[in-house]
Amino acid sequence: MSRPRMTRLLAATALAALSLTASIAEAAGVLTIGRREDSTTFDPIASAQNVDNWVYSNVFDVLVRVDKTGTKLEPGLAESWTVSDDKLTYTFKLREAKFSDGSPVTAEDAAFSLLRIRDDPTSLWSSSYAIVDTATASDPRTLTVKLKEPSVPFLASLALPNVSVLPKAVVEAKGEEFASAPIGSGAFSVKEWVRGDRVILEKNPNYWEADKVSLDGVEWISVPDDNTRMLNVQAGQLDAAIFVPFSRVEQLKQDPQLKVSLDTSTREDALLINHEKGKLGEIAVRQALDMAIDKQAIVGAVTFGIGEVANSYIPKGALYYYTDNLRRPYDPERAKAMLAEAGASDLALDYNVKAGDEVDEQIAVLMQQQLSKAGVTVNINKVDAASQWDMFINGDFDVAVGYWTNDVLDPDQKTTFVLGHDTNMNYMTRYKNDTVKDLVAKARTEADPAKREAMYVELQKIAKEEVNWIDLYYSPYINVTRANIDGFYQNPLGRFWLEDVRKN
């Protein structure tokens, strides 16, 4: 879809700032959260962005959840399930639940949602659910899913916000309009989406755990500029803000009116490389770029020591993370020689940077300086965050920093997404390796934990050898709230537990 350009986005931001105080005054039970970007869609299968997924978890619900600690699965809309001895048939017993419009959540809705993410041409996740053979409702509360072959991560994949259970009748009746005016069964429902400004949620009285929800509503407000967003929290114009710049952490901690949290995350920031852009398609060139970037200097200067240099696409602490994965030394002279050998001495890169993102802009300047020592010219192009996603999809970039947080416990999701298939262009890099793709598929079905771990270790080695992207750093989630806000928390997979928030 077309996205607003910077002038429109700044105008919306100014309007948001003017109306923040009035919004809070009028609804003391409404939590206002400042974030950089606006939502892009409320059709879960059509997005792979945290800006959407983190709100989906407020609005929709899944069959199986990841718990608050981010370490194990727990019942969601499915209160229980059984798995056949051959690991091919999963039978889910759904709890009695309703969508926000009062209609019951049925097994038919669950089957529809699972098959839709597998089959719909707009789905960015179809390859991840191609393992599903059939999904049927034998009665309103019994869902039977048969797989084409055993899949170790299948149960974990059902916790992905993008495979949330949607009301079949409403989706079919609304068509594309559903993406703007959704109906879900989560803790909150969408009251209004003011594009470029805010998403207004209200408590869903039909939520199956409505009795634990204290808030009357939530407003996710777009404030693209990091400094403005922090000032708004300090001034009491926002209850909370996410994506706190590393440079502001210590200062904000000194304010008695604020709480700063650094929650354990699965976040990795990486330099995305468009393999379809000339010499960037050559492994030797990408290896040279990796060697020309001083990651430790970036971590020190940009994250103020809060981050940690990354060495794998699987984040530290996650299942099957390979501690001893290759770490190329910083050697700009060797990188320069490698580029010359590859016929890329005059390499020039268009580097897209999110305007207003303090960290992104700092990294860009540092990389521009570092890469120049290897003879690489970097042209920095500042774009608004909303436009950048479309540019990723269209391939209108050479390099750009992107980040990923795991959505499920199993490494198959991220591995499939960034190495193993072309549905989302391997997270915009256009990386292609048929051998890797086959290994990803085999790892998905390998039941022996030791053999499966060995496969993921090999995948991490190959990804580093071929430089699918350049690993930069791991970091925690950094959020700030007013002192009167309790329970504002993200689990390691990024889910905000707004059901538990109290506004005192």
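As the structure is a prediction and not an experimental result, all values here were calculated from the model.
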Just to verify, what does [X] make a side chain to side chain donor-acceptor pair (under 3.5 Å) with, not counting sequence neighbours?
| X | result |
| --- | --- |
| Asp263 | none |
| Glu465 | Gln287 |
| Gln460 | Ser312 |
| Lys98 | none |

**Request:** Determine whether more than 12 heavy atoms belonging to other residues, nucleotides or ligands lie under 6.0 Å from atom CG of Asp448.
**Result:**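 For Asp448, atom CG is crowded (more than 12 foreign heavy atoms under 6.0 Å).
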Can you sort out the partners of [X] under ring pair (Phe, Tyr, Trp, His ring centres under 6.0 Å), two or more places apart, ordered by chain and number?
| X | answer |
| --- | --- |
| Phe246 | none |
| Tyr129 | none |
| Phe488 | Phe496 |
| Tyr330 | none |

**Asked** Under the side-chain hydrogen bond (donor to acceptor under 3.5 Å, both in side chains) rule, what pairs show up with a residue in residues 168-182, not counting sequence neighbours?
**Response**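 Passing the test, one end in residues 168-182: Glu108-Lys168, Ser180-Arg195.
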**Non-neighbouring partners of Ala292 that pass side-chain contact (heavy atoms from CB on, under 4.5 Å), sequence neighbours left out** =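 Applying side-chain contact (heavy atoms from CB on, under 4.5 Å) to Ala292 gives Ala335, Leu371, Ala374.
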**Item:** Inter- and intrachain pairs under ring-ring contact (aromatic ring centres under 6.0 Å, His included), touching residues 137-181, at least two apart
**Value:**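 Of all non-adjacent pairs touching residues 137-181, those that pass ring-ring contact (aromatic ring centres under 6.0 Å, His included) are Tyr90-Phe154.
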**Prompt:** Can you pull the salt bridge (Lys or Arg N to Asp or Glu O under 4.0 Å) pairs that have at least one residue in residues 311-326, sequence neighbours excluded?
**Reply:**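 Qualifying pairs: Glu308-Lys316.
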